[in-house]
Amino acid sequence: MTLSEAATTGSQAPESPLPSKRRKEPSQWIWRLLSYLTFLLAWQVIASYFIPSHIVPDPETVVREIIEIIEAGDIWTHFGATVQRTFIAMTILFALGSVIGILMGLSRWWEAFFRDWINMLLSIPSLIFILVSALIFGLNPAGPIIAIVITVFPFVTVQVWEGVKSLPRELTDMSSAFRVDRQKSLRHVVIPALAPFFFTALTYSLAIAWKIAMLSEIFGSNKGVGFMMRVNFGQYNMEGLLAWALLFYAFVLFIDRAILLRQADRFFRWRAASFR
Amino acid sequence: MDASVQGGAVAAPGWIRAIKSDRGAQILSMITFFLGWQLIVPMFPTEQVPTPVDVANFMWDELRVDTLGLYNVYESFGTSLVRLGVGLAIAFAIGLVVGVAMGLSHRAEAFFHDFVIGGITIPHLIWALVVTMWLGFQFATIVIVVVLAAAPFVVSNVAEGVRDVPKDLIDMARAYHVSRSHLIRHVILPSLMPFLFAGFRYALSIGWKSLVLAEAFGSDSGAGWMLRFWYDAHRIPSLIGYAGFFVIFAVLVDQVFFKWLQNYIFRWRPPVGSRGSR
């Protein structure tokens with residue numbers, strides 16, 4: 001996500017997140033690299049001089065811990081569990097969110113019906129959903145899944161809703177002028193026009209979903225990345241905690257950069273072809 | 001011709017029109033939800049799930065300062081608000097400086113960019129845990145987490161705002177030899193205001209969420225800590241009741257505080273016909 005997209009999530013039609021194909025100035029790469037190096041340096045300094053190293057271990061220890069974790073093989077069980085739950089939850093919440101969002105966008109009545117609830121859900125701290133479902137479901141994997149669904153689907157709904165509302169009226173007018181029936185109009189006009197909004201909703205909601213998954217595993221699970229973090233925290237093993245956190249973060253970044261950004265092209269391709 | 005009959009259609013009876021109105025939709029949705037909730041509860045396999053009545057009782061007690069918790073709802077939210085205020089003030093100070101730098105210089109942008117993205121995507125939980133282990137249950141702990149969570153948002157909004165100051169206004173001011181301080185006060189600052197305002201809104205929302213999380217793990221007072229308290233005590237009606245308080249708080253902040261702030265800051269704008277704040 002570019003900076004401005006992260007700050008002002010799509011109330012206008014989002015542009016493709018891929019930069020145009022010009023080469024980045026070499027000086028920009030240097031400054032970026034410099035920022036990573038500065039971060040590592042700052043970490044090293046803080047760990048060595050400011051904060052006792054049993055609280056913030058230095059980078060080297062954490063890296064060694066990461067290697068140990070990967071070699072121990074445990075990593076697949078836990079990453080697998082987290083990914084599985086997030087995936088199931090994303091499917092449910094995306095479907096739910098899109099349906100409600102489309103309803104709200106197409107009809108004032110449904111908008112009035114759902115609007116207050118969506119606002120309410122958005123203003124309740126996610127921790128509450130996590131705690132309540134942990135208390136109700138215990139260690140059952142349904143707990144984290146439900147917490148993720150309830151916390152995240154409003155974001156999808158809002159994105160899709162704004163998207164539908166911003167559809168050029170000519171599209172819908174045209175399909176009613178040509179007497180295209182409601183279902184066909186939905187499938188072939190509305191939904192493709194919503195592609196960029198679906199995409200933004202997907203990236204944004206996935207980012208939040210990972211965090212909720214991790215947090216809810218801390219309270220209500222016996223496997224998964226969040227669970228491992230809790231185990232390490234309970235044993236005062238800060239290297240372990242940071243190791244798992246860094247691994248998870250790297251994984252999330254990988255999914256975001258490598259997979260989603262590559263797919264961005266496909267979603268935005270039809271726009272370039274027809275609107276340019 | 002009879003004016004009440006248009007082209008053969010007959011006006012629907014009053015109550016059907018009421019349901020079809022927007023107001024009707026809102027009320028119907030409230031009724032459906034609470035009724036549904038009340039009816040679903042017995043279907044749950046567990047005894048744990050409370051009914052709306054249980055939750056309402058709890059909330060009513062709390063409001064009357066009759067609480068089973070360690071602090072009542074007013075004390076908890078008050079403590080949290082103070083911490084939020086301090087944290088946001090610091091986040092804004094940092095955010096303005098870094099944001100302006102990023103808006104004006106490509107190099108600064110390249111340097112800070114990944115920090116900002118990292119700041120936005122690193123789970124606040126990590127901040128909360130590390131800072132708690134470092135400083136313990138202190139005022140500063142919560143404030144630092146709020147700063148870490150909110151500053152990146154302020155930075156990116158300010159940077160965007162600086163980049164978007166309309167060039168013609170600046171050129172025109174230069175052409176008329178307007179003094180620098182005059183330029184900043186009457187051209188740049190008002191033009192930055194929408195971005196600062198948006199930044200403030202986001203920062204408040206993100207800061208508040210991270211504050212709740214930080215208090216749940218790294219404090220012994222405050223609204224977030226009360227959530228932990230009720231969780232440890234296994235009292236679900238209280239948790240849901242607090243969710244209700246959070247909603248009320250959010251509504252108060254949004255409808256009362258922000259409306260006032262918006263009217264005050266943008267009073268220089270000519271009145272446009274009613275524009276929603278969304």
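Values in this document were obtained by computation on a predicted structure and should not be read as measured data.
Of the atoms belonging to B:Leu125, it is side-chain heavy atoms, and not backbone ones, that fall under 4.5 Å from chain A. For A:Phe233, the part lying under 4.5 angstrom from a heavy atom of chain B is the side chain only. Only the side chain of B:Thr32 comes within less than 4.5 Å of a heavy atom in chain A; its backbone stays farther off. Interface remark: A:Leu122 contributes backbone atoms only to the contact with chain B (heavy atom separation under 4.5 Å). Proximity to chain B (any heavy atom under 4.5 Å) is shown, for A:Leu131, by both the backbone and the side chain. Only the side chain of B:Ile126 comes within less than 4.5 Å of a heavy atom in chain A; its backbone stays farther off. Residue A:Trp117 touches chain B through its side chain alone, counting heavy-atom pairs closer than 4.5 Å.
For the options B:Ile236, B:Ile240, B:Val253, heavy-atom pairs under 4.5 Å to chain A are most numerous at B:Ile236. Most heavy-atom pairs under 4.5 Å with chain B: of the set A:Leu241, A:Leu135, A:Leu242, this distinction falls to A:Leu135. Note on A:Phe248, A:Phe114, A:Phe219: by heavy-atom pairs under 4.5 Å with chain B, the leading option is A:Phe219. For the set A:Ile218, A:Ile208, A:Leu121, A:Leu215, the entry with the most heavy-atom pairs within less than 4.5 Å of chain B is A:Leu215.
Counting non-hydrogen atoms of neighbouring residues, nucleotides and ligands closer than 6.0 angstrom, the CZ atom of B:Arg235 reaches no more than 12 such neighbours.
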For A:Val132 and B:Tyr231, run side chain to side chain contact (heavy atoms under 4.5 Å, CB included): C-alpha distance rounded to whole Å, both residues' side-chain angles, the deciding distance at 0.1 Å, then the answer.
CA-CA 8 Å; A:Val132 171; B:Tyr231 172 76; over 6 Å; no

Stepwise side chain to side chain contact (heavy atoms under 4.5 Å, CB included) test for B:Leu28 and A:Trp109
CA-CA 11 Å; B:Leu28 202 64; A:Trp109 196 87; 3.7 Å; yes

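Taking the side chain as every heavy atom from C-beta outward, A:Ser123 and B:Phe246 never approach each other to under 4.5 Å.
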